[in-house]
Enquirer: 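Dropping the structure in here first, questions after.
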Amino acid sequence: MKAILNGVKVVEVAAWTYVPMAGAVLAEWGAEVIKIEHPEHGDPQRGLISSGLVPGGGSVNHMMEVPNRGKKSIGLDLSSPAGHDVLLKMAAQADVFLTNFLPAGRRKLGIDVEDIRAVNADIIYVRGSANGQRGPEAERGGYDLATFWARGGSADIGTPPGSDFPTMQPGPAYGDVLGGLTLAGGVAAALLHRDRTGEAMIVDNSLLAMGMWATGATLAGAGLFGLERLPFRSHETMPNPLVNYYRTKDGRYLLFNMLQYERFWPELVTAAGRPELADDPRFATGKAMAENRGACIEVLDDLFAERTFAEWKAVLADIRGVWAPVQRASEILEDPQATANGYLVDVEAPDGSSFRLVPSPLQFDETPPALTRAPDHGEHTDDILQGIGLTMDEILELKVQGAVL
């Protein structure tokens with residue numbers, strides 16, 4: 001993929017996944033992204049394996065790789081005068097400053113907008129937060145499970161009535177990766193605006209905003225009609241039997257999303273080997289189906305239970321109506337459509353082995369990005385410091401002081 005952000009330099013003072021994910025996307029698009037990490041412990045995400053919170057082994061920490069691929073890392077103590085001075089020298093040469101530090105932390109470390117703009121009036125200053133920059137909870141942090149998923153409404157909307165507890169977020173970093181991608185898009189727009197007008201902007205996003213964006217259609221309905229959410233439909237009560245899950249003989253599932261019932265019903269049942277159902281008066285029209293949808297769902301339950309998941313995928317491969325196999329993670333990694341489009345990219349690990357990552361979903365000129373691994377803690381400290389004009393003697397003195405790693 002063309003490095004469309006070639007020549008753009010990003011300084012990232014951020015940890016965990018949400019905001020670092022924005023830096024990873026910018027790196028995929030060709031920017032030079034320098035990740036600032038504390039010289040002793042680095043990004044706390046590095047410690048998730050040793051703490052047992054995520055699986056690990058070998059040379060790959062996948063929860064570091066996902067939001068940090070393609071970056072450079074420098075170990076820098078921002079609380080020390082020498083370390084802070086180094087950061088300002090880096091910011092003076094950068095196009096973008098990216099952070100998820102809370103307002104109090106930014107003030108304490110001297111990395112707020114006015115501090116960075118004092119050395120570079122043209123820098124684009126980017127803040128990713130939990131709750132936004134204003135209001136009574138602007139100083140509170142958060143994670144995607146809490147702020148994006150629970151507070152933003154998805155936990156409630158996605159929970160069946162009668163459940164003892166709300167549904168948990170379906171996987172790690174679910175809202176973080178979406179928020180990071182959105183921030184990266186905002187940076188690209190701000191760079192274009194600066195190029196056209198000369199004005200450097202402040203870019204903000206929050207996990208609360210992302211959670212509300214994800215549930216925006218429901219929120220609009222709540223405001224207009226007082227509906228907390230659409231009426232919950234179980235498998236047995238779906239109004240259109242062709243918008244439903246069905247279980248296969250081997251206990252797997254298929255999802256059908258054929259909104260135009262009369263258009264797709266004959267094709268589906270014919271492909272499934274039951275052409276007589278196309279003319280069954282109970283199901284032949286949308287009106288008849290509405291009166292007999294319970295019976296229709298029962299017929300389809302019995303029909304799809306006759307064959308295995310693999311057999312049904314072969315049978316349904318060429319029909320026009322929209323359907324999808326409910327895939328497991330390991331199956332997605334082998335999905336031929338994902339492979340054909342470059343939606344999985346091999347990355348070389350430090351030991352020479354390879355692993356796969358999902359690149360950012362946008363492609364330019366029909367070319368998937370080439371990914372490189374996340375940096376080791378402080379891997380590029382010397383090169384970065386030399387790049388801003390420090391001599392080796394000055395670098396060694398900073399290391400002796402503990403200001404850099």
Side-chain angles (χ1 to χ4, degrees), residues 3 5-15 19-20 22-24 26-47 59 61 64-65 67-101 105-126 187 191 194 200 348 350 372-405:
L5 295 185
N6 183 39
V8 171
K9 181 176 287 188
V10 180
V11 174
E12 175 190 299
V13 182
V19 172
L26 295 172
E28 286 186 25
W29 294 349
E32 179 187 9
V33 181
I34 300 173
K35 181 179 182 66
I36 309 296
E37 301 190 66
H38 190 277
E40 293 183 10
H41 51 70
D43 188 325
Q45 188 124 263
R46 293 186 184 276
S59 60
N61 179 341
M64 271 299 293
E65 293 291 343
N68 293 294
R69 80 285 289 277
K71 301 177 185 176
K72 298 177 180 178
S73 170
I74 176 174
L76 190 61
D77 183 359
L78 300 182
S79 66
S80 72
H84 185 259
D85 183 62
V86 168
L87 175 71
L88 293 182
K89 285 184 170 66
M90 294 170 59
Q93 300 179 15
D95 297 282
V96 179
F97 185 86
L98 187 62
T99 186
N100 65 354
F101 277 41
R106 298 197 303 267
R107 291 190 295 269
K108 180 179 179 181
L109 293 172
I111 59 170
D112 223 332
V113 177
E114 60 272 18
D115 303 304
I116 302 301
R117 288 268 172 89
V119 298
N120 185 347
D122 295 324
I123 201 165
I124 294 165
Y125 192 99
V126 185
V187 170
L191 287 168
R194 190 184 68 176
E348 185 177 349
T372 56
R373 64 174 176 82
D376 291 334
H377 182 200
E379 180 178 347
H380 304 95
T381 295
D382 289 358
D383 291 341
I384 291 168
L385 294 179
Q386 287 178 316
I388 61 172
L390 273 65
T391 66
M392 280 307 302
D393 286 343
E394 291 172 320
I395 294 171
L396 288 172
E397 179 58 28
L398 289 171
K399 291 184 177 182
V400 170
Q401 296 175 23
V404 303
L405 171 66

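Because only heavy atoms are used, hydrogens play no part in the values below, and waters and symmetry mates are left out as well, while side chains stay in.
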Enquirer: As an exercise, state the distance from CG of Leu87 to CD1 of Ile116, rounded to the nearest 0.5 Å.
Expert: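 Result: 5.0 Å between the selected atoms.
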
Enquirer: Give a yes or no answer on whether the side chain of Thr99 reaches the backbone of Val13 with a donor-acceptor pair at less than 3.5 Å.
Expert: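 Yes.
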
Enquirer: How far apart are the closest heavy atoms of Tyr125 and Asp112, and which atoms are they?
Expert: OH-CA, 3.5 Å

Enquirer: Filter on salt bridge (charged side-chain N to carboxylate O under 4.0 Å, His left out), then keep only pairs touching residues 77-100, sequence neighbours left out; what's left?
Expert: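 Residue pairs passing salt bridge (charged side-chain N to carboxylate O under 4.0 Å, His left out), neighbours aside: Asp85-Lys89, Asp95-Arg194.
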
Enquirer: State whether Asp383 and Lys72 are salt-bridged, where the test is any N-O pair (Lys NZ or Arg NE/NH1/NH2 against Asp/Glu carboxylate O) under 4.0 Å.
Expert: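 Salt bridge: no.
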
Enquirer: Any idea which heavy atoms bring Pro39 and Ala403 closest together, and the distance?
Expert: CG-O, 4.4 Å

Enquirer: I'd like to know if the side chain of Glu12 reaches the main chain of Leu98, judged simply by a donor and an acceptor atom lying under 3.5 Å from each other, with no hydrogens or angles considered.
Expert: no

Enquirer: Do you know which two heavy atoms are closest between Pro67 and Ala24, and how far apart they sit?
Expert: O-CB, 3.4 Å

Enquirer: Going by heavy atoms in the side chains, are Val187 and Val10 under 4.5 Å from each other?
Expert: no

Enquirer: In this structure, are over 12 heavy atoms from other groups packed under 6.0 Å from Glu114 atom CD?
Expert: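 Yes - once you tally the heavy atoms of other residues, nucleotides and ligands closer than 6.0 Å, there are more than 12.
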
Enquirer: Are side-chain heavy atoms of Lys35 and Val33 found at a separation under 4.5 Å?
Expert: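 No. Closest side-chain heavy atoms not under 4.5 Å.
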
Enquirer: Are the side chain of Glu65 and the backbone of Ala374 linked by a donor-acceptor contact shorter than 3.5 Å?
Expert: yes

Enquirer: Looking at every heavy atom in both Leu405 and Gly378, which two are closest together, and how far apart are they?
Expert: CD2-CA, 4.0 Å

Enquirer: With no hydrogens and no angle check, is any side-chain donor or acceptor of Asp122 less than 3.5 Å from a backbone partner on Ala200?
Expert: no

Enquirer: Under a 4.0 Å threshold between the charged nitrogen and the carboxylate oxygen, would Glu379 count as salt-bridged to Arg373?
Expert: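 Answer for the salt bridge query: yes.
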
Enquirer: State which residues pass ring pair (Phe, Tyr, Trp, His ring centres under 6.0 Å) with His380; sequence neighbours excluded, sorted by chain then number.
Expert: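 Ring pair (Phe, Tyr, Trp, His ring centres under 6.0 Å) check on His380 returns nothing, list empty.
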
Enquirer: How far apart are the closest heavy atoms of Ala14 and Asp43, and which atoms are they?
Expert: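 For Ala14 and Asp43, the tightest heavy-atom pair comes out as O-OD2, 4.2 Å.
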
Enquirer: So do Val8 and Leu26 actually touch side chain to side chain, heavy atoms under 4.5 Å?
Expert: no

